[in-house]
Chemist: 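The structure that follows is given in the form of structure tokens.
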Amino acid sequence: MPVDILVGTQWGDEGKGKLIDVLTENVDVVVRFQGGNNAGHTVEIGNEHYVLHLVPSGIFRPGVKCVIGNGLVVDPIGLMEEMKGIAARGLDLGVIELSNRAQLIFEYHKRADALRESGAGKNKIGTTRRGIGPAYADKMHRCGIRAIDLTRPDRLEAQFRAEAEKYNKLFAEHGIATLDIDAEWALLKEAAAYLAPHVCDTVYSVNAAIKAGKNVLCEGAQGALLDIDHGTYPFVTSSNTVSGGACTGAGIAPQHIRDVWGVIKAYTTRVGEGPFPTELFDESGEALRQVGREFGATTGRPRRCGWFDAVAARYACMVDGVNKLAVTKLDVLDDLKEIGICVAYDINGKVTKEFPAAADELSCVKPVIEWMPGWQCSTADARTWDQLPEKARAYLARMAELVDSTVAIVSVGPRRDQTFRVI
Ligand code: GDP
Ligand code: IMO
Ligand code: MG
């Protein structure tokens, strides 16, 4: 019966894909519950490197059902290509279900995303340009098109054409290229036919699995600091990335939830614009980027890097209710002599441990840094807590104390086997 949720506790790219793959060893169903193909979840198995955008990261475990829940915005052409790409690498797609209630992303959403970004000047968000914001906006405006219509091509065509024409007027007003609606429809029709057999009422199937005593794991995308309510608004994504989003985005009632896994990088990264109090602009930031290979899995953009921000992560763990921390990328800190942790914010002379709501306040934060000694040896081969150098254990213990949670898993490299449980 238990349902566990796994979420990112920072600005995304904490290593959620890897952790889902690891935890799925003992899971029957993995459910994505929000976001879209803005996500890039990396799983490394042996020498194989996979990046998933919409397909849940449980796909590499035979027999695991992978569900794309009602809370997502799904680019049907992107999903078709992703599924074909996985199959082309010789993997069995197994059972993939797509919620009939999920919203669809079309080419016009991507163009509207790009239009908004290019006209926004200093208010640019640095989105992935996958059409996420416009698709969620259409959902809230109640003019979105849902995945159920992939199974009803006539209705899909009529709705798509009507919406595309509205967007074309907008594009013409802004002097940008309009869509060739016939050509777009031809692509969409093919994707609809490919995906239709996967569309079903996942709320019933997930709840039936829970009732049958199966283990269900909900896979978050992005991270708490990109959450539409709790993140660094407006420099956020357009969905609820926090654990609460799993209930609405998968159709699971709160009393079924057991553990909330918070994936937390041993330092901090961010892609795109927006405040980042511990960002490093010197060679330490560059070292984190190079050693941690911090380049976006979806867009290839270099990730901004900085010290672990305990103020932001503590807020995230509180809202998420994280009772199990999975700390990733500890190995990236191996060579450092000293490691910084931000324990408080100095905002115009006032010191606080609370994460401010206003982005403009966050952007003038001076981080209060506590220094911890580095361990200066490799952790990549550690497979138990005791095999970690004492200073690394002290660092992890301090992270856990500051965010008021417990370290349950430590990850010391990108591969499946470079992970161990602490509790
Ligand atoms: P996600 O979006 O949260 O799934 O994270 P990404 O896949 O975008 O980024 C995490 C990156 O770190 C990927 O390239 C992973 O292969 C890699 N990774 C995950 N865990 C570890 C780790 O413990 N150590 C190192 N060095 N790399 C890791
Ligand atoms: P995973 O699941 C990191 C960021 C974008 C941008 C902001 C809004 O791999 O952790 P959007 O395209 O969602 O409208 O962009 O959110 N962003 C991510 N950053 N990891 C992600 O996903 C992200 N998904 C979106 O860079 O700043
Ligand atoms: Mg990612």
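Atoms within a ligand are numbered from 1 in the order they appear, just like the ligands themselves.
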Chemist: Looking at Asp13, pick out the N, O or S atom nearest to the Mg ion (ligand 3) and give its name.
Modeler: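 This residue's closest N, O or S atom turns out to be OD1.
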
Chemist: If you have a sec, work out which protein heavy atom is nearest atom 12 (O) of ligand 2 and how many Å separate them, to one decimal?
Modeler: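 Nearest protein contact, heavy atoms only, for atom 12 (O) of ligand 2 is Thr128 OG1, 2.5 Å.
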
Chemist: Need the ligand 2 atom indices (1-based, order shown) with element for anything under 4.0 Å from a heavy-atom of Ile125.
Modeler: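 In order of numbering, the contacting atoms are 8 (C), 27 (O).
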
Chemist: Need the ligand 2 atom indices (1-based, order shown) with element for anything under 4.0 Å from a heavy-atom of Thr127.
Modeler: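 It comes down to these atoms of ligand 2: 6 (C), 11 (P), 12 (O), 14 (O), 15 (O).
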
Chemist: Please report the shortest heavy-atom distance between Lys16 and Glu14, naming the atom on each side.
Modeler: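 Nearest pair, atom of Lys16 first, then Glu14: NZ-OE1, 2.8 Å.
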
Chemist: What do we get for Leu226 next to ligand 2 when only non-hydrogen atoms under 4.0 Å count, side chain, backbone, both or neither?
Modeler: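 Side chain only.
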
Chemist: Using a 4.0 Å heavy-atom cut-off, say whether Asp331 meets ligand 1 through its side chain, its backbone, both or neither.
Modeler: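 Near ligand 1, Asp331 shows its side chain, while the N, CA, C and O stay back.
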
Chemist: Below the 3.5 angstrom mark, is there an N/O of Gln222, backbone or side chain, next to an N/O of ligand 2?
Modeler: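 It does: an N or O of Gln222 is found under 3.5 Å from an N or O of ligand 2.
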
Chemist: Take the angle between the ring planes of Tyr108 and Tyr167 and call it parallel below 30°, perpendicular above 60°, tilted in between.
Modeler: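 Rings of Tyr108 and Tyr167: parallel, under 30°.
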
Chemist: In this structure, which one of Asp259, Ile409, Val30 forms a side-chain contact (heavy atoms from CB on, under 4.5 Å) with Leu23?
Modeler: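 Option passing the side-chain contact (heavy atoms from CB on, under 4.5 Å) with Leu23: Ile409.
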
Chemist: Check whether more than 12 heavy atoms from other residues, nucleotides or ligands sit under 6.0 Å from atom CD of Gln387, and answer yes or no.
Modeler: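 Yes, CD of Gln387 has more than 12 neighbouring heavy atoms, counting only those of other groups under 6.0 Å.
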
Chemist: For Arg301, take its heavy atoms, then give the atoms of ligand 2 lying under 4.0 Å from any of them.
Modeler: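 Those qualifying, in numeric order: 5 (C), 26 (O).
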
Chemist: Which ligand 2 atoms are under 4.0 Å away from a heavy-atom of Ala39?
Modeler: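 That gives atoms 1 (P), 2 (O), 9 (O), 22 (O) of ligand 2.
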
Chemist: Can you tell which of Arg293, Lys265, Lys18, Lys329 gets a heavy atom nearest to atom 12 (O) of ligand 1?
Modeler: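 Looking at heavy atoms only, the winner is Lys329.
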
Chemist: Check whether the side chains of Gln222 and Thr241 place a donor and an acceptor atom closer than 3.5 Å, and report yes or no.
Modeler: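 Side-chain D/A pair, Gln222 to Thr241: absent.
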
Chemist: Any heavy atom of Gly8 closer to ligand 1 than 4.0 angstrom?
Modeler: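 False for this residue.
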
Chemist: Looking at the rings of His41 and Tyr50, which for Trp means the six-membered one, are their centres under 6.0 Å apart?
Modeler: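 No; Tyr50 has its ring centre 6.0 Å or more from that of His41.
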
Chemist: Can you list the atoms of ligand 1 that are under 4.0 Å from a heavy atom of Gly40?
Modeler: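 Those qualifying, in numeric order: 1 (P), 2 (O), 4 (O), 6 (P), 7 (O), 8 (O).
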
Chemist: Note the single closest protein heavy atom to atom 23 (O) of ligand 1, along with its residue, its atom name and the distance in Å.
Modeler: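 That would be Ser411 OG, 2.5 Å.
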
Chemist: Hey, is CZ on Phe295 packed in by over 12 heavy atoms from elsewhere, all under 6.0 Å?
Modeler: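 Atom CZ in Phe295 is crowded, with more than 12 foreign heavy atoms closer than 6.0 Å.
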
Chemist: Would you call Arg416 a ligand 1 contact, heavy-atom distance under 4.0 Å?
Modeler: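 Judged by the 4.0 Å heavy-atom criterion, Arg416 does not count as contacting ligand 1.
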
Chemist: Using a 4.0 Å heavy-atom threshold (strictly under), name the region of Phe235 that reaches ligand 2: side chain, backbone, both or neither.
Modeler: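 No part of Phe235 is near ligand 2 at this cut-off.
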
Chemist: Tell me whether Lys124 forms a cation-pi arrangement with Phe235, defined as NZ or CZ under 6.0 Å from the six-membered ring centre and within 45 degrees of its axis.
Modeler: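 No cation-pi geometry.
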
Chemist: Indicate yes or no: at least one non-hydrogen side-chain atom of Leu52 is less than 4.5 angstrom from one of Ile59.
Modeler: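 Yes, their side chains come closer than 4.5 Å.
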
Chemist: For Ala221, take its heavy atoms, then give the atoms of ligand 2 lying under 4.0 Å from any of them.
Modeler: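 Near Ala221, meaning under 4.0 Å from one of its heavy atoms, ligand 2 has 2 (O).
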
Chemist: For atom 10 (C) of ligand 1, find the nearest protein heavy atom and state the residue, atom name and distance (0.1 Å precision).
Modeler: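 The protein heavy atom lying closest is Asp13 O, 3.8 Å.
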
Chemist: What protein heavy atom sits nearest atom 27 (O) of ligand 2, and how far away is it?
Modeler: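 For atom 27 (O) of ligand 2, the nearest protein heavy atom comes out as Val271 O, 3.1 Å.
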
Chemist: Let me see the working for Thr268 and Glu279 under side chain to side chain contact (heavy atoms under 4.5 Å, CB included), right down to the final yes or no.
Modeler: CA-CA 8 Å; Thr268 313; Glu279 183 166 14; over 6 Å; no

Chemist: Heavy atoms only: which of Glu294, Arg415, Lys16 is nearest to atom 3 (O) of ligand 1?
Modeler: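 Nearest heavy atom to atom 3 (O) of ligand 1 lies in Lys16.
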
Chemist: When you check the side-chain N and O atoms of Asn26 and Asn215, is any donor under 3.5 Å from an acceptor?
Modeler: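 There is no such pair (donor and acceptor under 3.5 Å, judged by atom type) between the side chains of Asn26 and Asn215.
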
Chemist: What part of Arg270, side chain from CB on, backbone N/CA/C/O, both or neither, has a heavy atom under 4.0 Å from ligand 2?
Modeler: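 For Arg270, no heavy atom sits under 4.0 Å from ligand 2.
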
Chemist: Taking the side chain from Thr232 and the backbone from Gly274, do they hold a donor-acceptor pair closer than 3.5 Å?
Modeler: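 Checking the backbone N and O of Gly274 against the side chain of Thr232, no donor-acceptor pair under 3.5 Å is found.
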
Chemist: Classify the contact between Glu44 and ligand 1 as side chain, backbone, both or neither, using a heavy-atom distance cut-off of under 4.0 Å.
Modeler: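 Side chain only; the backbone of Glu44 stays clear of ligand 1.
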
Chemist: Could you tell me which atoms of ligand 1, counted from 1 in the order shown, lie closer than 4.0 angstrom to a heavy atom of Gly17?
Modeler: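 Listed by number with element, the hits are 4 (O).
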
Chemist: How far is atom 15 (C) of ligand 1 from its nearest protein heavy atom, and which residue and atom is that?
Modeler: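 Result for atom 15 (C) of ligand 1: Thr42 CB, 4.0 Å.
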
Chemist: Where the side chain of Arg289 meets the backbone of Thr269, is there a donor-acceptor pair that is under 3.5 Å apart?
Modeler: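 Not at all, since once roles are kept as given, no pair shorter than 3.5 Å links the two residues.
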
Chemist: I need the minimum non-hydrogen distance between Ile105 and Pro76, along with the two atoms involved.
Modeler: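 Heavy-atom minimum between the residues: O-CD, 3.1 Å.
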
Chemist: Tell me the protein heavy atom at minimum distance from atom 8 (C) of ligand 2, and give that distance in Å.
Modeler: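 Protein heavy atom at minimum distance: Val236 O, 3.4 Å.
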
Chemist: Check this for me - ligand 2, Asn38, N or O atoms closer than 3.5 angstrom, yes or no?
Modeler: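 Indeed, backbone or side chain, Asn38 has an N or O that close.
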
Chemist: Assess whether atom CZ of Arg258 is packed by more than 12 heavy atoms of other residues, nucleotides or ligands within 6.0 Å.
Modeler: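 More than 12 within 6.0 Å, yes.
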
Chemist: Within the stated cut-off of 2.8 Å, is an N/O/S atom of Gly40 closer than that to the Mg ion (ligand 3)?
Modeler: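 Under 2.8 Å: Gly40 contacts the Mg ion (ligand 3) through an N, O or S atom.
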
Chemist: Taking distance alone, with N or O pairs closer than 3.5 Å, would you say Leu330 contacts ligand 1?
Modeler: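 Among all N and O atoms of Leu330, none is under 3.5 Å from an N or O of ligand 1.
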
Chemist: Assess whether salt bridge (charged side-chain N to carboxylate O under 4.0 Å, His left out) is satisfied between Arg61 and Asp21, documenting all intermediate values.
Modeler: CA-CA 8 Å; Arg61 302 279 186 182; Asp21 173 62; 3.8 Å; yes

Chemist: A quick test of your reading: do over 12 heavy atoms of other residues, nucleotides or ligands sit less than 6.0 Å from CD of Glu390?
Modeler: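 12 or below, so no.
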
Chemist: With a 4.5 Å limit on heavy-atom distance, are the side chains of Leu156 and Trp185 in contact?
Modeler: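 Yes, side chains in contact.
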
Chemist: Rounded to the nearest 0.5 Å, what separates atom CD in Glu273 from atom CG in Asn123?
Modeler: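 So the gap between those two atoms works out to 10.5 Å.
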
Chemist: Which of the numbered atoms in ligand 2 are below 4.0 angstrom from a heavy atom of Lys16?
Modeler: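 Near Lys16, meaning under 4.0 Å from one of its heavy atoms, ligand 2 has 1 (P), 2 (O), 10 (O).
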
Chemist: Distance under 4.0 Å to a non-hydrogen atom of Asp13: what atoms of ligand 2 satisfy this?
Modeler: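 Once the distances to Asp13 are compared, the set is 1 (P), 3 (C), 9 (O), 10 (O), 20 (N).
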
Chemist: Around atom 5 (C) of ligand 2, find the nearest protein heavy atom and jot down its residue, atom name and distance.
Modeler: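 Sorting protein heavy atoms by distance from atom 5 (C) of ligand 2 puts Gly126 O, 3.6 Å first.
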
Chemist: Do any nitrogen or oxygen atoms of His41 lie less than 3.5 angstrom from nitrogen or oxygen atoms of ligand 2?
Modeler: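 In this structure, His41 places an N or O atom under 3.5 Å from an N or O of ligand 2.
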
Chemist: Going by heavy atoms, is Gly12 under 4.0 Å from ligand 1?
Modeler: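 No, Gly12 has no heavy atoms under 4.0 Å from ligand 1.
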
Chemist: Need the ligand 2 atom indices (1-based, order shown) with element for anything under 4.0 Å from a heavy-atom of Gly272.
Modeler: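 The atoms of ligand 2 under 4.0 Å from a heavy atom of Gly272 are 27 (O).
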
Chemist: If we only count heavy atoms from C-beta on, is the Asn323 to Thr406 side-chain gap below 4.5 Å?
Modeler: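 Counting from C-beta outward, Asn323 and Thr406 never come under 4.5 Å.
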
Chemist: Out of curiosity, is Gly40 lining ligand 2, as in a heavy atom under 4.0 Å away?
Modeler: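 Contact present.
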
Chemist: What is the closest protein heavy atom to atom 13 (O) of ligand 2, and at what distance does it sit?
Modeler: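 Ranking protein heavy atoms by distance from atom 13 (O) of ligand 2, first comes Thr237 OG1, 2.6 Å.
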
